[in-house]
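Right, one structure below, let's go through it.
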Amino acid sequence: MSQSYDRGLIEDFGRWREFTAGMWAWVFHKFTGWVLIGYLFTHIAVLSTSMQGAATFNDTIGGLEGLALVRLMEVGLLAVAVFHILNGVRLLFVDLGVGLESQDKSFYASLVLTGVIVVASVPTFVSGAF
């Protein structure tokens with residue numbers, strides 16, 4: 001027969017204060033993965049307008065590119081994709097046994113490098129939108 005165990009409070013929302021860099025890396029990696037999956041469905045929906053003809057597709061792309069909100073969301077997408085890639089490479093090295101002692105530093109480095117790449121790319125993404 002099964003026994004019941006008192007596991008205490010399951011949802012303690014104050015726990016996030018105790019997260020270490022490794023836990024934040026895991027949370028951000030999962031979050032960015034889900035955002036990329038959501039973007040994939042949006043991307044497919046926009047591309048599916050090409051089935052209705054080139055004019056419809058061009059109108060859709062032109063309309064989306066003209067919106068400042070879409071341009072800002074593209075910057076967010078870049079940030080999500082760059083972080084996910086850099087953290088994935090970091091995890092690959094950790095799985096290979098390289099840099100096990102400096103996982104926190106490599107996580108912070110991936111955050112900083114993501115920020116640098118995104119900030120450097122902002123002028124390209126928002127040019128002509130405002």
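Below, all heavy atoms of this structure are taken into account, side chains as well, without hydrogens, waters or symmetry copies.
The cluster map of Ile, Leu, Val, Met, Phe, Trp and Tyr, joined by side-chain heavy atoms under 4.5 Å apart, puts V80 and I37 in different clusters. No single ILVMFWY cluster, assembled from side-chain heavy atoms under 4.5 Å apart, contains both F125 and V116. Hydrophobic clustering places L78 together with L86 (ILVMFWY residues linked when any side-chain heavy atoms are closer than 4.5 Å, directly or through intermediates). In terms of hydrophobic clustering, with Ile, Leu, Val, Met, Phe, Trp and Tyr side chains grouped at heavy-atom distances under 4.5 Å, L111 and M23 are assigned to a common cluster. Note on F83: it clusters hydrophobically with V27, by side-chain heavy-atom contacts below 4.5 Å among ILVMFWY residues.
L72 contributes atom CG, which lies 12.5 Å from atom CG of L77 (distance to the nearest 0.5 angstrom). The distance from atom CG of L91 to atom CH2 of W26, rounded to the nearest 0.5 Å, is 12.0 Å. One distance of note links CZ of F107 with CG of N87; it measures 7.0 Å at 0.5 Å rounding. Here the OG atom belonging to S110 is positioned 14.5 Å from the NZ atom belonging to K105, to the nearest 0.5 angstrom. The structure places CE of M73 at 10.0 Å from CG of L64, a figure rounded to the nearest 0.5 Å. A distance of 9.5 Å separates CD of Q103 from OG1 of T20, quoted to the nearest 0.5 Å.
Between H84 and H29, the ring planes lie parallel to each other; the angle is under 30°, not in the 30° to 60° tilted range.
The backbone N or O of A45 sits nowhere less than 3.5 Å from a side-chain atom of T49 that would complete a donor-acceptor pair. For R71 (side chain) and S127 (main-chain N/O), a donor-acceptor pair under 3.5 Å exists by modelled atom type.
Between V126 and V75, the closest heavy-atom pair is CG1-CG2, 4.5 Å. Between T114 and A79, the shortest heavy-atom contact is CG2-O, 3.6 Å. Here the closest heavy-atom approach between residue L100 and residue V94 is recorded as CD2-O, 3.6 Å.
Within the 4.5 Å cutoff, the side chain of L113 has heavy atoms near those of the I117 side chain. Between V89 and F93 the shortest side-chain heavy-atom distance falls below 4.5 Å. The shortest distance between side-chain heavy atoms of F57 and L47 falls below 4.5 Å.
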